[in-house]
**Student:** 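Structure below; questions to follow.
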Amino acid sequence: MSGPPGLWFDQVRADGDDLAPRPALDGDTDVDVCVVGAGYTGLWTAHSLLRADPTIRVLVVERRIAGFGASGRNGGWCSALFPASAAALARRHGPAAAAAMRAAMRDAVDEVGGVVAEEGIACDWVKGGTVVLARTPAQLARARSEAAASDEERLLDRDEAAALVGASGVLGATFTPDCARVQPARLVRGLARAVERRGGRIVEATAAHSIAPGRVVTERGVVRARYVVRATEAWSSALAARSVVPVYSLIVATRPLPSSFWDGAGLAGGQTFSDHRHLVVYGQRTADDRLVFGGRGAPYHWRSRIRAEYDHEPRVFAGLRSAARELFPALAPADFTHAWGGPLAIPRDWHAGVGLDGDGLGRAGGYVGDGVGTANLAGRTLAALILGRDDPITRLPWVGHRSRRWEPEPLRWLLVNAGLRLMTLADTEERLKRRPSVIATTLSRALGG
């Protein structure tokens with residue numbers, strides 16, 4: 001069994017990791033904590049528990065291999081982004097709680113960087129911040145509004161923005177320092193090894209069929225545990241019906257590009273980048289001088305199905321390559337060498353949550369694609385809740401939050417795909433009318449943004 005396709009896993013294989021699965025579960029077993037899912041959330045939970053109490057018996061159950069899902073194939077942003085906006089958090093939980101949540105998210109970026117250094121995980125970590133470009137008058141108006149309302153973002157003028165990201169048509173940008181570029185598959189594979197060095201056990205090629213308080217039933221045996229944690233993100237849709245919808249994000253990447261390209265394109269300080277369009281895009285310059293560029297736009301699939309063939313959408317890949325070349329006209333079609341994708345999880349209210357019930361059943365997720373840093377905070381929070389420790393992170397407003405369930409089909413299919421289509425139309429509307437989109441404003445209000 002090999003990992004998913006894509007640049008990140010090709011590099012992991014080149015590092016000497018053959019991605020062969022660890023031994024599967026070999027019968028019924030008893031542990032203190034059973035974590036289902038060996039992605040970032042599950043591994044950060046295990047790591048945080050073992051770091052705090054080396055005697056605790058932790059078992060991580062994984063259907064494929066560690067990092068198989070979004071943790072190993074995302075765009076490589078360890079950011080302070082949280083799916084619910086600061087304004088939405090303040091409306092729902094109050095200004096003080098919203099400020100505490102934002103501070104915890106900023107701290108999470110540095111927490112990940114600290115563990116990367118402590119555990120010696122070679123994952124190309126550079127904290128260079130994020131530049132979000134404005135390339136139309138409507139985008140520039142949005143950038144100014146966001147910067148004026150935020151203590152975390154700084155408005156850049158045309159020259160300042162272009163000095164960081166040499167993209168075409170730049171009018172300005174916003175900048176935040178709270179993001180690190182990372183090679184995500186190296187991070188998750190290194191984190192798995194760190195969990196094992198600290199005494200945790202990871203079993204792979206072991207599918208969990210059901211999760212209940214004190215009990216995980218797998219195809220290879222039953223795990224009994226005082227605490228059970230569901231850390232399955234997009235795959236939660238199969239274990240907890242309608243809890244999230246899995247929506248695909250796709251990525252393209254180039255060959256290592258020459259210095260003549262990067263002299264114009266910039267990104268010399270490890271910055272990640274995006275722009276202020278509505279249909280999300282994201283990019284980075286890798287440690288070996290490739291351009292990695294991804295975005296949304298792939299359709300949601302009926303009944304929340306997740307299948308390997310959905311990782312590849314030729315129409316979306318073509319659109320991403322075109323968008324990258326629009327940003328950086330020096331790119332040629334032949335420069336692109338990789339294309340891959342995978343599902344992320346969207347809760348009904350776009351509000352991630354973490355919690356531990358009185359019966360010992362824990363959960364975390366709903367990151368909407370911003371999980372590299374958020375999963376670290378989730379893992380530390382779950383560990384503190386399980387160990388009964390008085391920690392400020394257990395009082396953050398997302399602790400105990402439960403999103404309402406998504407609608408049944410066909411409403412779910414109609415709502416999600418209509419939303420994706422409307423974001424595309426909103427960007428078209430802004431290009432044509434040169435002012436903020438009415439469509440986007442209406443949709444944002446409907447989603448609680």
Side-chain angles (χ1 to χ4, degrees), residues 1-20 39-40 64-79 116 121-126 128 130 179-192 234 248-259 261-262 265 267-268 270-274 280-298 308-314 316-325 327-328 330-344 369 371-372:
M1 182 188 300
S2 65
L7 170 65
W8 305 138
F9 279 92
D10 281 355
Q11 291 181 337
V12 164
R13 293 183 190 95
D15 295 340
D17 185 341
D18 64 4
L19 299 176
Y40 288 139
R64 300 294 186 90
I65 60 169
F68 179 86
S71 297
R73 39 180 140 171
N74 62 78
W77 290 33
C78 183
S79 76
V116 164
I121 301 174
C123 60
D124 305 332
W125 175 276
V126 178
T130 295
C179 186
R181 178 205 74 190
V182 65
Q183 207 281 27
R186 284 174 174 156
L187 174 59
V188 72
R189 302 294 290 179
L191 186 57
Y248 279 73
S249 193
L250 304 184
I251 303 178
V252 296
T254 70
R255 64 185 175 91
L257 297 168
S259 58
F261 172 82
W262 292 113
L267 297 168
Q271 298 90 357
T272 58
F273 73 93
S274 180
V280 174
V281 296
Y282 48 87
Q284 64 149 288
R285 175 182 179 177
T286 67
D288 62 346
D289 288 335
R290 300 171 188 265
L291 181 72
V292 169
F293 187 76
R296 312 286 164 81
E309 57 265 33
Y310 299 159
D311 297 347
H312 298 273
E313 288 279 351
V316 179
F317 288 145
L320 289 172
R321 287 188 283 264
S322 176
R325 293 182 65 203
L327 283 163
F328 303 102
L331 287 171
D335 288 331
F336 293 92
T337 56
H338 290 76
W340 71 98
L344 54 88
V372 182

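Below, all heavy atoms of this structure are taken into account, side chains as well, without hydrogens, waters or symmetry copies. Residue indices begin at 1 and follow the sequence shown.
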**Student:** Is the shortest side-chain heavy-atom distance between Arg296 and Val281 below 4.5 Å?
**Tutor:** no
**Student:** When you look at Leu19 and Arg13, which way does the side-chain contact (heavy atoms from CB on, under 4.5 Å) test go after all the steps?
**Tutor:** CA-CA 7 Å; Leu19 299 176; Arg13 293 183 190 95; 3.7 Å; yes
**Student:** Which pairs pass side-chain hydrogen bond (donor to acceptor under 3.5 Å, both in side chains) with one or both residues in residues 66-77, sequence neighbours excluded?
**Tutor:** Arg73-Asp311
**Student:** Got Ile251 and Leu320 here, is their nearest side-chain heavy-atom distance under 4.5 Å?
**Tutor:** no
**Student:** Do Val116 and Cys123 have side chains that approach each other closer than 4.5 Å (heavy atoms only, starting at C-beta)?
**Tutor:** yes
**Student:** Does the Gln183 side chain pair with the main chain of Ala185, one donor and one acceptor, at a distance under 3.5 Å?
**Tutor:** yes
**Student:** Check whether any side-chain N or O of Arg189 sits under 3.5 Å from a backbone N or O of Ala66 as a donor-acceptor pair, and report yes or no.
**Tutor:** yes
**Student:** Nearest 0.5 Å, what's the CH2-CZ distance between Trp262 and Phe328?
**Tutor:** 6.5 Å
**Student:** Would you mind checking if Asp289 and Arg285 are paired as a salt bridge, meaning a charged N to carboxylate O distance below 4.0 Å?
**Tutor:** yes
**Student:** Sequence neighbours left out, what passes side chain to side chain donor-acceptor pair (under 3.5 Å) with Thr254? Give chain and number order.
**Tutor:** none
**Student:** Name all residues meeting the side chain to side chain donor-acceptor pair (under 3.5 Å) criterion together with Gln284; count only those two or more places apart in sequence or in a different chain, and write none if there are none.
**Tutor:** none
**Student:** For Arg181, check salt bridge (Lys or Arg N to Asp or Glu O under 4.0 Å) against everything at least two apart and list the hits.
**Tutor:** none
**Student:** Just to verify, what does Tyr282 make a ring-ring contact (aromatic ring centres under 6.0 Å, His included) with, not counting sequence neighbours?
**Tutor:** none
**Student:** Got a sec, which residues hit side chain to side chain donor-acceptor pair (under 3.5 Å) with Thr272, two or more places apart in sequence or on another chain?
**Tutor:** Thr130
**Student:** Using side chain to side chain contact (heavy atoms under 4.5 Å, CB included) as the criterion, list what pairs up with Ala70, not counting sequence neighbours.
**Tutor:** none
**Student:** Is there side-chain contact between Phe68 and Phe9, with heavy atoms separated by less than 4.5 Å?
**Tutor:** no
**Student:** Name all residues meeting the salt bridge (Lys or Arg N to Asp or Glu O under 4.0 Å) criterion together with Arg290; count only those two or more places apart in sequence or in a different chain, and write none if there are none.
**Tutor:** Asp288
**Student:** Pair Val252, Leu291 - check side-chain contact (heavy atoms from CB on, under 4.5 Å), show working.
**Tutor:** CA-CA 8 Å; Val252 296; Leu291 181 72; over 6 Å; no
**Student:** Check the orientation of His312 and Phe317. Use parallel for under 30°, tilted for 30 to 60°, and perpendicular for over 60°.
**Tutor:** perpendicular
**Student:** Residues in side chain to side chain contact (heavy atoms under 4.5 Å, CB included) with Asp15, at least two apart?
**Tutor:** Arg186
**Student:** Taking ring-ring contact (aromatic ring centres under 6.0 Å, His included) as the test, write out the residues that go with Phe336, two or more places apart.
**Tutor:** none
**Student:** So do the side chains of Phe261 and Asp335 get within less than 4.5 Å of each other, counting heavy atoms only?
**Tutor:** no
**Student:** For the atom pair CG (Leu187) and CG (Asp124), what is the distance rounded to the nearest 0.5 Å?
**Tutor:** 10.5 Å
**Student:** Any donor and acceptor pair, going by atom type alone, linking the side chain of Arg325 with main-chain N or O of Leu331 inside 3.5 Å?
**Tutor:** yes
**Student:** Could you tell me whether a side-chain N or O of Tyr40 sits under 3.5 Å from a main-chain N or O of Pro184, the two making a donor and an acceptor?
**Tutor:** yes
**Student:** Given side chains that start at C-beta, do those of Trp340 and Pro4 come closer than 4.5 Å, heavy atoms only?
**Tutor:** no
**Student:** Check side chain to side chain contact (heavy atoms under 4.5 Å, CB included) between Ala298 and all other residues, then give those that pass, not counting sequence neighbours.
**Tutor:** Tyr248, Leu250, Glu313, Val316
